[in-house]
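Since the structure comes first, as structure tokens, the remarks are kept for the end.
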Amino acid sequence: MKNIRTQVVVVLLIVAALFSAAVFLIPFEKDEPAFWIGYVAELAAIFLQIPVFKLAYPVGTDLKSKVLGYPLFKIGVSYLVVQTILSFVIIALGSGGDFPAWLALLLCLVVLGTALLFGMSANMARTAITNLETASAVDTNLMKSLSFRAKNLVNKTTDPAFQKELNKLAERITYSDPVSSPATADAEYKLSSLFGQLEAAVNSPQGAGIMELCQSVNIALDDRNTICKASK
């Protein structure tokens, strides 16, 4: 990633050099305010690509984050292209003294402002998606954990009747709605407590009360799933 950043900076320096060479070698009128407004606005657009690239592709991010950063990067490049065209138009028309400085400045500010608005929207959308995925990962943690623990319980007893009942319970937990919410907090606390008792019973030498606890866990799971459906 560091090599890519270096290459981006080099490319931007080349673009700045080529643009500067073009506008200074072509016999434009350099004394006109429009010339310098167009020239400075173009250089600003070029070097603004560096923070835009860093924001779109932060160091140490995964592939998904990089994909989500592409719209922001695309907006930055689009801004540069539009500003380059606008700068050439301003410089060319301003060379004859017929392009008002205030209009040149206004157009450059409008292009910049529009790019900033689109860029902020793209970055906010990426942040919202990332936060939603993070929240979902946290909210599904409990049910994923119970599913994993339930599957492990099946192999901790050799009694066929117990294995059958535990396997059915594991399947029910696995195919239950995985998303937790504040509404399900109390029901899930009870479910977790009963499941802990079931684990203790299965791991005990006597295995007493396994069937009764399986039934209690199933009832608690039904209560939790009912609340899940009602809160959608």
Side-chain angles (χ1 to χ4, degrees), residues 1-5 53-74 120-232:
M1 192 67 180
K2 185 177 180 181
N3 290 336
I4 296 177
R5 289 176 182 274
F53 185 83
K54 289 182 178 180
L55 189 60
Y57 302 113
V59 177
T61 52
D62 56 16
L63 180 60
K64 181 181 289 186
S65 180
K66 289 180 173 62
V67 171
L68 292 175
Y70 176 73
L72 180 59
F73 171 73
K74 185 177 179 181
M120 290 173 63
S121 298
N123 193 52
M124 288 169 62
R126 180 178 67 172
T127 302
I129 292 172
T130 302
N131 290 342
L132 181 61
E133 289 178 346
T134 302
S136 296
V138 173
D139 288 344
T140 60
N141 186 59
L142 173 66
M143 296 307 292
K144 286 181 178 179
S145 174
L146 287 179
S147 175
F148 178 77
R149 290 161 61 190
K151 290 174 182 177
N152 280 344
L153 277 184
V154 178
N155 300 319
K156 291 186 177 181
T157 178
T158 56
D159 188 303
F162 289 165
Q163 285 184 330
K164 181 179 179 181
E165 197 66 26
L166 290 170
N167 192 55
K168 287 165 58 178
L169 177 61
E171 287 185 2
R172 287 204 64 214
I173 294 175
T174 300
Y175 292 107
S176 294
D177 190 332
V179 180
S180 301
S181 69
T184 61
D186 291 339
E188 287 175 350
Y189 176 80
K190 181 179 179 181
L191 174 62
S192 297
S193 177
L194 288 170
F195 192 85
Q197 296 177 39
L198 175 60
E199 283 181 315
V202 172
N203 289 322
S204 67
Q206 297 80 14
I210 291 179
M211 288 298 191
E212 291 79 3
L213 283 168
C214 278
Q215 184 177 3
S216 297
V217 172
N218 273 303
I219 293 172
L221 183 62
D222 285 337
D223 292 341
R224 183 261 176 194
N225 289 343
T226 300
I227 295 172
C228 262
K229 292 179 181 178
S231 61
K232 296 292 185 184

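In what follows, every heavy atom counts, from backbone to side chain, and hydrogens, waters and symmetry copies are set aside.
The closest donor-acceptor contact from the side chain of Ser192 to the backbone of Glu188 lies under 3.5 Å. Between the Ser204 side chain and the Ala201 main chain, a donor and an acceptor come within less than 3.5 Å of each other. For Ser231 (side chain) and Ile227 (main-chain N/O), a donor-acceptor pair under 3.5 Å exists by modelled atom type.
Taking the side chain as every heavy atom from C-beta outward, Leu221 and Phe195 never approach each other to under 4.5 Å.
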Decide yes or no on side-chain contact (heavy atoms from CB on, under 4.5 Å) for Asn167 and Gln163, but give the supporting numbers first.
CA-CA 6 Å; Asn167 192 55; Gln163 285 184 330; 6.0 Å; no
Should Cys228 and Val179 be marked as a side-chain contact (heavy atoms from CB on, under 4.5 Å) after you check the CA-CA gap, both sets of side-chain angles, and the distance that decides it?
CA-CA 8 Å; Cys228 262; Val179 180; over 6 Å; no
Could you go through the side-chain contact (heavy atoms from CB on, under 4.5 Å) check for Thr157 and Leu153 one step at a time?
CA-CA 7 Å; Thr157 178; Leu153 277 184; over 6 Å; no
Please lay out, stage by stage, how Lys168 and Glu165 fare under the test side-chain contact (heavy atoms from CB on, under 4.5 Å).
CA-CA 5 Å; Lys168 287 165 58 178; Glu165 197 66 26; 4.1 Å; yes
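A salt bridge does not link Arg224 to Asp177: none of the charged side-chain nitrogens sits closer than 4.0 Å to a carboxylate oxygen.
Taking all atoms of both residues into account, the shortest heavy-atom contact from Asn218 to Leu169 is OD1-CD1, 3.5 Å. What you find for Ser176 and Met143 is that their closest heavy atoms are CB-CE, 4.1 Å. Across all their heavy atoms, Asp159 and Ala161 have their closest contact at OD1-N, 2.8 Å. Closest approach of Ile210 and Leu198 over heavy atoms only: O-CD1, 3.8 Å. Closest heavy-atom contact between Thr174 and Ser147: OG1-OG, 2.8 Å.
Within 6.0 Å of atom CE in Met211, more than 12 heavy atoms from other residues, nucleotides or ligands are found, so the atom counts as buried in its surroundings. Around CG of Asp186, the count of heavy atoms belonging to other residues, nucleotides or ligands within 6.0 Å does not exceed 12.
In this structure, the separation between CG on Leu146 and CZ on Arg172 is 13.0 Å, given to the nearest 0.5 Å. Atoms CG and CD1, on Asn225 and Ile173 in that order, are 9.5 Å from each other to the nearest 0.5 Å. Summarising the geometry, atom CG belonging to Leu142 is positioned 7.0 Å from atom CG belonging to Leu191; distances are rounded to the nearest 0.5 Å. Considering CD of Glu171 and NZ of Lys151, their distance stands at 9.0 Å, rounded to 0.5 Å.
Ring-plane geometry between Tyr57 and Phe73 is classed as tilted, the angle between the planes lying from 30 to 60 degrees on a 0 to 90 degree scale.
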